[in-house]
Protein chains: 2
Amino acid sequence: MEPDPERKGEAVRGGRVGIRDVARRAGVAISSVSRVLNGNPNVTPALRQRVLEAVEALGYQVNLVGSDLRRGTTRTVGVVIDDIANPLFAEIMLGAEATLSAAGYLVTLMSSHGTARGDAAALRHFRGRRVDGLLLALSDDTGADWHAALAAGDGGCPVVLLDREAPLPCHSVLSDHAQGMDAALTELVGAGHRRIGLMLGPLCTRPGRARLRAFEAGLRARGLNPDARFVTLHTPATAADAERTMAGVLRRPAADRPSAMIVGGGQLLTGALRALHAAGCRLPEEMSLLVCDDTPLAELHRPGLTALRRDVIGIGRAGAELLLEAMKAPGAEPRSATIPIEIVRRASVGPPAA
Amino acid sequence: MEPDPERKGEAVRGGRVGIRDVARRAGVAISSVSRVLNGNPNVTPALRQRVLEAVEALGYQVNLVGSDLRRGTTRTVGVVIDDIANPLFAEIMLGAEATLSAAGYLVTLMSSHGTARGDAAALRHFRGRRVDGLLLALSDDTGADWHAALAAGDGGCPVVLLDREAPLPCHSVLSDHAQGMDAALTELVGAGHRRIGLMLGPLCTRPGRARLRAFEAGLRARGLNPDARFVTLHTPATAADAERTMAGVLRRPAADRPSAMIVGGGQLLTGALRALHAAGCRLPEEMSLLVCDDTPLAELHRPGLTALRRDVIGIGRAGAELLLEAMKAPGAEPRSATIPIEIVRRASVGPPAA
DNA sequence: TTAGGTTTTGGAAACGTTTCCAAGGCCGCG
DNA sequence: CGCGGCCTTGGAAACGTTTCCAAAACCTAA
């Protein structure tokens, strides 16, 4: 092939064609190419066409890194999720994405796979890359380090917390776990249960803390004592871990174990059911089960599982809306949305066996 | 007014503290700050400390956009997923992330929510931001536009396709759907079924195409005719859509409907089960069910659902390994890994009713 | 003590854009 | 015919880094 002198400039620099190559090829200034590409109206049709031809011919595509640097903005928001395997997360994402992409933002995601280190890495990536906003369901909202980063609002971008809390006020969308747990206890106590167990994820995020607090307060309010043996924490909240816990519970004599179990969200349900099935334990005759998040598994299991439900897409949507506001008016007063929780009665709750 | 010379530089530019502010404060050159921050060994302890103090005092954090631009690399790989709600996706991600982060790469994700436009937007974002590699489970692998983009390897970065195919050879990890579907048919035909239905997602990705092809070929090889009425496509593959389909099937008289159904992956199973439960259809007495991907729902449903299983984490891992290789040796011959599929027998397949 | 070498440091040039500013062309109107 | 104003275009200065290069400082050995 003849080394076309026209292509020389392109070949020089690592084979990557940049805006200057387009400009040279079209015989115009770099700034004109930029104007065409950004839809600036003050451009002659003839010039526009020449530029477009050159773009086409060279297969040019803009380097957004340069563009981001110059503009100082990215039209992108970052989402950090603690547990990508949580069945709810997809819906949160759906809700957020619909709202944000309608507003012209791209949504990118990082998982922090359950560790504070993962949180930090994701935060560093997103902030350092200058996303315009952040939606955070961190693995650990108790760390002093990121509280500091959050406080230094000056170097940062607008942030909305998803069911997480920080020592300082902050945009957030919070599920009403207190209400949910109370409904759960009403249901179980109403059915006659006195010994109620609770399986939770870690306490380093709000759902775990809020559920535990509401559980203990709710029991006491009903004149019952929370039994520490029957409250288990799972860090991280894996199915295998939950299976072990439930298997342990089922090994106890029936009179000395909870007659009802409340299972927290995430993958705990999967593990709990494995143990239940393995032990041949019948629901609700031998044990009542109530799960803290409604999923297809809870709905379609036979018997159907009584569950707490919230508008998960709504969580994502509310988070996105709060974030859009915050990006529009950066200095504004922190606001928070509260998502109600309702109980869905199915067949897994019945009177206690004993 | 006397602007404090010390703070002048910082205040001047939008309140954001940059490397030059650090340099000024520490009384050293910008390049020295950079060296300290990047762990360059040729740096006096004294200088290092002064820089670190300034960093601390100013709360400086590096702007990775500038860094990316200069370096031309990001230590980041992008993942594009067609359907974030697919239960398998989390495990793929897990496998990929473990391998890639061990190699020092950050993993970021975008969903293309089932549309070719989403694919294009995600690709534009990632390539434009100069990720070092791409793991793609696109919504539509049939588009000529992105084939072209793929072919222009010169402007792009290494790419690994996840169960997608392109007209030109390309790194990829492919599930052996032919083998899986064959095992499924063996199972069903072996149980005595002659009228077998198939619910699939869209044909614009490989799993749909491969399953359909294998289904038709497999039936013919067994002397059976695929009945077009019993093969349904779902674009996109939502649970609601699948529920409608299954409800329609169940409205037919028993003699005129499939005695066994094969349900594709994603959210189709959820919808199918809803319809089955609503109709009070007993498995496997009134219908046999076989599902193309093994999930907690398939496992824990009663009766347990016979399913096709593959090492999903392994898919992510294999993709990541291929990508690491490709990033190390960009020009190398495209390679592909094949993931076997096995059948997991549970209780949802039995002899036909009729 | 000086020459030669090795570290350590500073200065400046990139990286690829966007955008400001000024100059040039063109138009219409006086 | 000339002049003011608009539209279009080109040039150059940012944006915040990293890294190359050269100068300075230090050390060792002759």
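Worth knowing before you read on, the calculation uses all heavy atoms, side chains too, and leaves out hydrogens, waters and symmetry mates. Numbered from 1 within each chain, the chains take letters A, B, ... in sequence-line order.
Side-chain proximity of A:Y60 to the nucleotides D:dT17, C:dT17, D:dG10 is greatest for C:dT17. Proximity note for A:R20 (side chain, C-beta onward) versus D:dG16, C:dT17, C:dG10: the nearest is C:dT17. When distances are taken from the side chain of A:I30 to each of C:dC20, C:dT9, C:dT18, the shortest belongs to C:dT18. For B:V43, the listed nucleotide lying nearest its side chain is C:dT9; candidates were C:dT9, D:dT8, C:dT17. In the set C:dT17, C:dT18, C:dG10, the nucleotide with an atom closest to the side chain of B:V28 is C:dG10.
Here the P atom of nucleotide C:dT8 and the CG atom of B:N40 are 9 Å apart, to the nearest Å. What separates CG of B:L47 from P of D:dC26 is a distance of 14 Å, to the nearest Å. We find that CG of A:L64 is positioned 9 Å from P of C:dT17, with the value rounded to whole Å. In this structure, the CD atom of A:Q61 is 14 Å from the P atom of C:dG16, given to the nearest Å. Per the geometry, CZ belonging to B:R129 stands 16 Å off C1' belonging to C:dC15, to the nearest Å. Between B:R130 atom CZ and D:dT17 atom C1' the separation is 17 Å, expressed in whole Å. The nearest whole Å value for the distance from the CG atom in B:N42 to the C1' atom in D:dA24 is 15 Å. In this entry the distance linking CZ of B:R35 with C1' of C:dG11 reads 10 Å, nearest Å.
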Could you go through the side-chain hydrogen bond (donor to acceptor under 3.5 Å, both in side chains) check for B:D119 and B:S112 one step at a time?
CA-CA 5 Å; B:D119 289 341; B:S112 61; 2.7 Å; yes
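A:R16 contributes no side-chain N or O that forms a donor-acceptor pair with the base of C:dG16 under 3.5 Å. A donor-acceptor contact under 3.5 Å is formed by the side chain of B:S31 with the base of C:dG10. Counting distance only, with no hydrogens placed and no angle test, the side-chain atoms of B:R70 and the base atoms of D:dT18 include a donor-acceptor pair under 3.5 Å.
To the nearest 0.5 angstrom, B:H113 atom NE2 is 11.5 Å from B:D82 atom CG.
No contact: B:D68 has no heavy atom under 4.0 Å from any strand. Across all strands, A:S34 comes closer than 4.0 Å to base atoms (heavy-atom distances).
A 4.5 Å side-chain heavy-atom check between A:I313 and A:I92 finds every atom pair outside the cut-off.
Take the nearest nucleotide of DNA chain D for A:R50 and for B:N38: the residue whose nucleotide is more 5' is A:R50. Both B:R71 and B:P41 lie close to DNA chain C; mapped to their nearest nucleotides by heavy-atom distance, the more 5′-ward contact belongs to B:P41.
Side-chain nitrogen and oxygen atoms of A:S32 include none within less than 4.0 Å of the OP1 or OP2 phosphate oxygen of D:dT8.
Between the side chain of A:H147 and the backbone N or O of A:D141, at least one donor-acceptor pair lies under 3.5 Å. The main-chain N or O of B:N40 is never found under 3.5 Å from a side-chain atom of B:N38 such that the two would form a donor-acceptor pair.
Looking only at atom types and distance, the side chain of B:D68 has no donor-acceptor partner in the side chain of B:T74 under 3.5 Å away.
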